[in-house]
Amino acid sequence: MVLLRKLPGMPGWPAALGLRLPQKFLFLLFLSGLLTLCFGALFLLPDSSRFKRLFLPRRATASASSSSSSSASSSSASSTRDTDLPRSPPAAAEPRHASPAAPRRLREKLRTAARMAGPPAQTAPGSRQQVQGGERRAQPATGETPAAARQTRAPFRFDYERFRRSLRHPVRGSRPEEDPETRARRLKIKEMMKFAWDNYKQYALGKNELRPLTKNGHIGNMFGGLRGATVVDALDTLYIMELEEEFQEAKNWVEKSFDLNVNGEASLFEVNIRYVGGLLAAYYLTGEEVFKSKALELGEKLLPAFNTPTGIPRGVINLGSGMSWSWGWASAGSSILAEFGTLHLEFLHLSELSGNPVFAEKVMNIRRVLNRVEKPQGLYPNFLSPVTGNWVQHHVSIGGLGDSFYEYLIKSWLMSDKKDSEAKKMYDDALEAIEKHLVKKSAGGLTYIAEWRGGIPDHKMGHLACFSGGMIALGAEHAGEERRKHYMDLAAEITNTCHESYERSDTKLGPEAFRFDAGTEAMATRLSERYYILRPEVVESYMYMWRLTHDPKYRQWGWEVVKALEKHCRVEAGFSGIRDVYTTTPTHDNMQQSFFLAETLKYLYLLFCEDDVLSLDDWVFNTEAHPLPINHTNFKANVQ
Ligand code: DMJ
C-alpha cells in the first residue's frame, strides 16, 4: 500500500477513487483481508510445499511436518544413527497435503502407502559413493535425515498380545508328569547354566566373554565395540530355565549399560545372530519393550552394510560410521555365503516389529541375487562378489562358510508358516545337490558330508557341519511321504557320525574337524583340528533328533556330553574350551564362549524337557539358538 501511494505521478488508490476517511478505512480492511486469504491459500492448497519453502527456512519446514507424527522407532533414535543412514524419499514421508481437513479414510490410505513404501534402497540415485578399502560404498545423500523421515511415518505398534495368543503352546511348557531321571538331568544342566552365568557376572560382566582361568573378561574384535555378548546371548536361556533372578540381572544390564553408540568394526553376521537374534528372542518371550527397541536400533545400524552395487552386504561394518568392507581373508573382496545368507530370519522380524519393510527388502534382494546366479552342479559356493553378484571361487561346504545359509532356507519356510515356498524350493534343490555331490559313506560305513573344491571332494567334516543332522531331520518332517523316510535316515546317519567323532576321542568331546581319509574315520588328523571350544552343533542335532523321533539314544548321547563337559571343561570359575580332545589331561583355552550359554546349554536343556517347551510348532531357532516365532498371524512385511 505504501508503495502504491508513492508511485510517481499517481495519487494513492483510495484518494484516486475519491473516498472519505471511513470508506478509506473500510477499503483498506477489505484489501488486507483479501491479501491474507491469498497468502493463506498458498499454504493450504494441495502441493503448496514449494511455496512454503519460499517463505519458511528449510529447517522450520522439516520440523513443522515431523512434529505432527511419530514413528515406531523414534524413541530409540540417536544422533549417530541419524547422520549415518541415507535420506528417505518423499514417498516414505507422510504426505504434507494430508491436512486435518482431508477426509479420514483418505488420510489413512496415504499413511498406509507411506508406511509400505518405507525408506529407499540405500543405493538410491543421488547417494554419494566413497572409496573404502579399495571398494566403493554408498554414502547418505544430504538433505532430510532418516530421523525426520522416520518421524513422518505413521505410528506403528506391534500387537504383542495378539502374538502371544497365536502361540499353540505355553512358552515354558505345560509340565506334565515326568520321570525323575529326566528331571534330575535337566536340573543338572540348569545348575551348569547358573554356574556359567554367575562366574561371568562376577568376573566379566559387561565384557563379551569370560576368561575362566584368569578370571577376567574378554572383549575381542568381532562386535565393533558392542559389549555384553554373553549377557545378550544368555537372556533367553536364563528365561527358559526359569533362572528368574539371573534373568533380571541380565535385563538390568541391557537397560542400564548396553550402549549401542559404539564406533568399531563388527562382523555383520555375528552381531546379527547374537545381538539382534538374542534381543528379538528376549522380546518375544517376555514382551519387555527394551529388548525390542534395542533390536530395532541395532538393526538400523547394520543397514549401511547393504550399500553395494548388488545389495549383497559386506562382512564387516563400522557401527559408528556405517562404513563397510569385506574381510581381508575373503577371496577378492567377496562376501561369505554363511554370513549374508544368515540374516533372513532376524531381518523379517525387524520388519515385523517396526512396521518398516526395509529390513525384509534387504534380505529378499539377497535371495533374488542368489536365484539369478548360476549354481555349479546346483551347489552354492561360499564366496560371492558383492560388486558383480558372481561367485568368486568354487569352494562348497555345509560346514564353516556355508552352513547356516542352508539352515535359514528351511527355517524361512517354517517361520513363514510354510508359505514361503520359494525358500522351500531353494532348500530342496540345494539339499538334492549336496546329497548328489557331497554326501559320502566311509569304508567303515559312516555317512558324512564332504567339502567340495572346484569339483574335487575334500573328505573332511567340520564340527560346524554337525548341525546338518538336525536341519535335515527338520526338513524331512515336511518332505512328503516318500522322501521323509529317506531324509530321516540321512539325518540319523549324519548325527551318528558326529556322535562317533565324540565317541572316538579320549574326552568324549568332538574335535573341530574330522576326516575320512588315509584309513582315518571321524577323527582329527591334524594337530590344529583337535580342539573343542564348547560348540553346540552336535547337541543341537541330538535335540532335533530327539524331538522328531523320541529315540532314547539321543538323550543318552546328550547326557554323555554333559558328563564330559563337567569332567574336562568345568574349571573353578566357569567352563573353558580345551585344546586337544584326544588327551584326558587337556589344557584349557581360557574362554567361555557366549554361544555356550546361548546354544550348547540351551539345546542340552531342551533335550531333557517336554516337547512343548519352546515347541517346534511355534518357534524356529536362529543359528545362535535364539527362538523366533513362527508367523501364525501373517507378517506385515511382504516376503514375496
Ligand atoms: C555359533 O555362533 C553359531 O551357531 C554359528 O552359526 C556357528 N558358530 C557358532 C557355534 O559354534
Side-chain angles (χ1 to χ4, degrees), residues 196 208-209 218 220-224 226 228-237 266-281 315 327 335-347 380 382 397-412 449 451 461-471 474 498 501-502 509-514 529 531-544 561 565 569 575-578 581 589 591-604 606 620-628:
N208 284 323
E209 276 126 349
H218 172 255
N221 52 11
M222 268 190 318
F223 306 121
L226 292 175
T230 294
V231 181
V232 179
D233 249 357
L235 278 165
D236 51 16
T237 311
S267 156
L268 170 70
F269 164 78
E270 295 290 355
V271 169
N272 178 58
I273 66 168
R274 300 195 200 206
Y275 286 93
V276 177
L279 291 163
L280 287 172
W327 293 106
S335 297
I336 310 299
L337 181 68
E339 296 198 331
F340 65 77
T342 309
L343 303 164
H344 205 98
L345 304 181
E346 296 82 359
F347 273 49
Y380 288 82
N382 291 334
S397 157
I398 202 158
L401 305 179
D403 48 7
S404 40
F405 159 69
Y406 306 97
E407 175 187 355
Y408 272 35
L409 290 179
I410 187 68
K411 288 182 176 175
S412 292
I449 307 186
E451 299 195 359
M461 196 163 164
H463 192 290
L464 290 167
C466 284
F467 85 98
S468 59
M471 175 188 76
L474 193 60
C498 292
S501 77
Y502 276 47
L509 294 166
E512 180 66 3
F514 44 93
E529 294 171 345
Y531 63 89
Y532 171 69
I533 56 169
L534 306 173
R535 284 199 192 278
E537 291 76 16
V538 175
V539 295
E540 175 180 351
S541 283
Y542 294 169
M543 193 281 290
Y544 283 109
V561 176
L565 287 168
C569 300
F575 287 88
S576 167
I578 55 177
V581 295
D589 68 5
M591 184 69 81
Q592 179 177 282
Q593 302 281 349
S594 76
F595 54 67
F596 181 64
L597 292 85
E599 298 189 74
T600 314
L601 291 175
K602 184 187 286 132
Y603 285 133
L604 282 169
L606 292 176
V620 292
F621 293 94
N622 89 339
T623 196
E624 190 78 358
H626 296 305
L628 299 173

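Not measured: the values here are computed from a predicted model. Order of appearance sets the numbers: ligands from 1, and atoms from 1 within every ligand. Quick note: residue numbers are just sequence positions, from 1.
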Where do T623 and T342 come nearest, in terms of heavy atoms and distance?
CG2-CG2, 3.6 Å
For ligand 1, list all ligand N or O to protein N or O distances below 3.5 Å, rounded to 0.1 Å.
unit_1   : atom_1 : unit_2 : atom_2 : d
ligand 1 : 2 (O)  : E624   : OE1    : 2.6
ligand 1 : 4 (O)  : E599   : OE1    : 3.2
ligand 1 : 4 (O)  : E599   : OE2    : 3.0
ligand 1 : 4 (O)  : T623   : O      : 2.7
ligand 1 : 6 (O)  : T623   : OG1    : 2.8
ligand 1 : 11 (O) : R535   : NH1    : 2.7
ligand 1 : 11 (O) : E537   : OE2    : 2.6

Modelled atom types, side-chain donor and acceptor of [X] and [Y], under 3.5 Å:
{"X": "D403", "Y": "S397", "answer": "no"}
{"X": "Y408", "Y": "E346", "answer": "yes"}
{"X": "H463", "Y": "Y502", "answer": "yes"}

Do the side chains of E512 and R535 get close enough for a salt bridge, i.e. N-O under 4.0 angstrom?
yes
What distance do F621 atom CZ and L474 atom CG have between them, rounded to the nearest 0.5 Å?
10.0 Å
